[in-house]
2 protein chains.
Amino acid sequence: MTYKKSILDPQGEAITNAIHGMGFQDVNEVRMGKYFEISVDESSNTLKEDIEKICDNLLANPNMETYRYEFVDSEAVQ
Amino acid sequence: MTYKKSILDPQGEAITNAIHGMGFQDVNEVRMGKYFEISVDESSNTLKEDIEKICDNLLANPNMETYRYEFVDSEAVQ
């Protein structure tokens, strides 16, 4: 979940400056966002709709943020 | 970038409770973390080491957090 491109990201800018200050010039830009690992009950047949409702109504600010989600096997994020 | 499993995640717990309060019972647990999109200069041949140094020395708290990273094409995160 990140800010829309049109939205200023002061934290991302501060991090980019810090990285350049550390001497890493191969980094162009950093955008910071929120990351959620949501463990779900696989047997539910409304998962996709539920995750989107949760993102739209709770986790994301629709005016400022966009989000992506993917379903992965729990071992993949140990 | 998320808290290590052994670390309490009060924000994640609060979100889990809110989600259950919304009536979504197919969500078991939520863990919240930080997400960074770092645009880099592909021609650099020290990218992997640089990203790991940046994570280890700036973005992550090694005592409390773990991180994963992947290189993706910039179009993939529009």
Within the supplied structure, the quantity of interest is the number of heavy atoms (other residues, nucleotides, ligands) at a distance under 6.0 Å from A/Tyr67 OH; does it exceed 12?
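Yes, OH of A/Tyr67 has more than 12 neighbouring heavy atoms, counting only those of other groups under 6.0 Å.
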NZ (B/Lys48) with more than 12 external heavy atoms under 6.0 Å: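 No - once you tally the heavy atoms of other residues, nucleotides and ligands closer than 6.0 Å, there are 12 at most.
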inquiry  = As an exercise: rank B/Ile38, B/Ile51, B/Asn57 by heavy-atom pairs under 4.5 Å with chain A and give me the winner.
reply    =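 Heavy-atom pair counts peak at B/Ile38.
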For this session: Write out, in numerical order, the residues from residues 17-30 of chain B with a heavy atom short of 4.5 Å from a heavy atom in chain A.
Result: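 At a heavy-atom separation under 4.5 Å, chain A is reached by B/Ala18, B/Ile19, B/Met22, B/Phe24, B/Asp26, B/Val27, B/Asn28, B/Glu29, B/Val30.
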Run the ring-ring contact (aromatic ring centres under 6.0 Å, His included) test against B/Tyr69 and tell me which residues pass, sequence neighbours left out.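 For B/Tyr69 the ring-ring contact (aromatic ring centres under 6.0 Å, His included) partners, ignoring immediate neighbours, are B/Phe71.
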- Query: Any link between A/Met32 and B/Met1 through a network of hydrophobic side chains (Ile, Leu, Val, Met, Phe, Trp, Tyr) touching at under 4.5 Å?
  - Reply: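 Same hydrophobic cluster.
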With heavy-atom distances below 4.5 Å as the criterion, would you say the side chains of A/Gln11 and B/Phe36 are in contact?
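A side-chain contact is absent here, since even the closest heavy-atom pair is not under 4.5 Å.
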Open item on the list: I need the minimum non-hydrogen distance between B/Tyr35 and A/Arg68, along with the two atoms involved.
Closed with: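 Heavy-atom minimum between the residues: OH-NH2, 2.8 Å.
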Residues of residues 39-47 of chain A near chain B, each having a heavy atom less than 4.5 Å away: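 Listed by number, the contacting residues are A/Ser39, A/Val40, A/Asp41, A/Ser44, A/Thr46, A/Leu47.
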Which pairs pass salt bridge (Lys or Arg N to Asp or Glu O under 4.0 Å) with one or both residues in residues 53-66 of chain B, sequence neighbours excluded?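 Every salt bridge (Lys or Arg N to Asp or Glu O under 4.0 Å) pair that includes a residue of residues 53-66 of chain B, provided the two are not neighbours, is B/Lys34-B/Glu65.
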